[in-house]
Amino acid sequence: MKPFVGRVVLVTGGGSGIGRATSLAFAKKGAKVIVAGRTREKIVETQEMIGNLGGEAIAIQADVSVGEQVKKMMRTIVDRFGRLDFACNAAGIGGKLAPTADIPEDDFDLTLAINLKGVWLCMKYQIRQMLKQGSGVIVNISSINGLGGTPNAAVYSASKSGVISLTQSAALEYAHSNIRINAVCPGAIRTPMLERVFNETGITQSRYESQIPIKRIGDPNDIANSVTWLCSDEASYITGHVMVIDGGVAAR
Ligand code: NAD
């Protein structure tokens with residue numbers, strides 16, 4: 001029996017990488033999936049992959065940094081499915097890789113708008129619906145870069161620290177309303193975002209892997225599996241948690 005039959009999940013950033021793997025993982029467990037993202041072709045591709053698995057999905061094009069678009073997306077979900085059981089807020093960008101003094105102001109604004117304001121806007125409308133139905137689980141994708149300083153990615157790092165703080169604050173606010181809210185902090189995961197880091201820095205994969213205790217780059221499914229588990233009843237006593245999934249890097 002698939003555990004999420006009859007459940008409805010929204011995944012932002014669902015057109016690639018961690019968001020796509022998470023969309024597929026929920027579909028395999030029987031959930032109806034709303035695949036959201038900025039680029040129509042990519043989210044439709046994920047929708048079709050779910051269809052090929054025999055699952056049900058719709059694609060909604062929305063920019064998470066624009067309040068009206070997030071609000072409209074939530075309205076579409078409720079009109080279509082009547083509820084939202086789970087949400088994984090994975091949409092994000094890496095921002096410019098440069099020392100703090102060289103980061104352009106518009107890059108700061110864009111990175112914070114998508115990575116931090118975007119998560120807040122999504123939670124705002126997701127929580128409103130979850131309050132109406134009396135239950136829900138949200139998982140926000142932060143990063144191990146949000147746990148401390150990251151040279152050449154100060155703004156990205158700050159945005160991901162902000163996601164942890166938003167997650168913990170909201171978890172405390174809604175714990176008594178049967179809404180659980182957790183954050184996942186991935187380490188290096190093989191996605192288009194990481195490929196860009198390899199290309200822009202010239203750091204090779206083998207050098208990267210040599211610094212990871214488990215000695216491999218993570219797979220998007222490593223994160224997807226943790227997200228579906230956090231949404232499951234097996235995690236029913238977990239809220240405000242920051243789950244690090246990084247092959248051991250942060251343990252040092
Ligand atoms: P990715 O680039 O493959 O996925 C990010 C997705 O977000 C893309 O599909 C993109 O179109 C979408 N997106 C970007 N801006 C958006 C916006 N304004 N509105 C809607 N969608 C938007 O990269 P990924 O690695 O899968 O990243 C997913 C999340 O994981 C991000 O939040 C990222 O910061 C985080 N993360 C990734 C890694 C890693 O090593 N890959 C590590 C730690 C954290």
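No hydrogens, no waters, no symmetry mates; every other heavy atom, side chains included, goes into these values. Indexing begins at 1, ligand by ligand and atom by atom, following the structure's order.
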Handout entry: salt bridge (Lys or Arg N to Asp or Glu O under 4.0 Å) partners of Arg20, counting only residues at least two apart
Key = Glu45
Exercise for the section: Could you list all the salt bridge (charged side-chain N to carboxylate O under 4.0 Å, His left out) pairs where at least one residue sits in residues 215-224, not counting sequence neighbours? Expected result: Arg216-Asp222
Exercise for the section: With sequence neighbours excluded, tell me which residues meet salt bridge (Lys or Arg N to Asp or Glu O under 4.0 Å) with Glu200. Expected result: Arg196
Fill in the blank from the handout: From the list Thr239, Ile138, Ile127, side chain to side chain contact (heavy atoms under 4.5 Å, CB included) with Tyr174 holds only for Ile127
Practice task
Show your working on side-chain contact (heavy atoms from CB on, under 4.5 Å) between Met49 and Leu24 and close with a plain yes or no.
Solution key: CA-CA 8 Å; Met49 289 167 87; Leu24 290 165; 3.9 Å; yes
Practice task
Please answer whether the main-chain N or O of His241 pairs with a side-chain N or O of Asn182 as donor and acceptor at a distance below 3.5 Å.
Solution key: yes
Completion exercise
The answer, listing residues by chain and number that come under 4.0 Å of ligand 1 through any heavy atom, is Gly13, Ser16, Gly17, Ile18, Gly37, Arg38, Lys42, Ala62, Asp63, Val64, Ala90, Ala91, Gly92, Ile93, Ile114, Ile141, Ser142, Ser143, Tyr156, Lys160, Pro186, Gly187, Ala188, Ile189, Thr191, Pro192, Met193
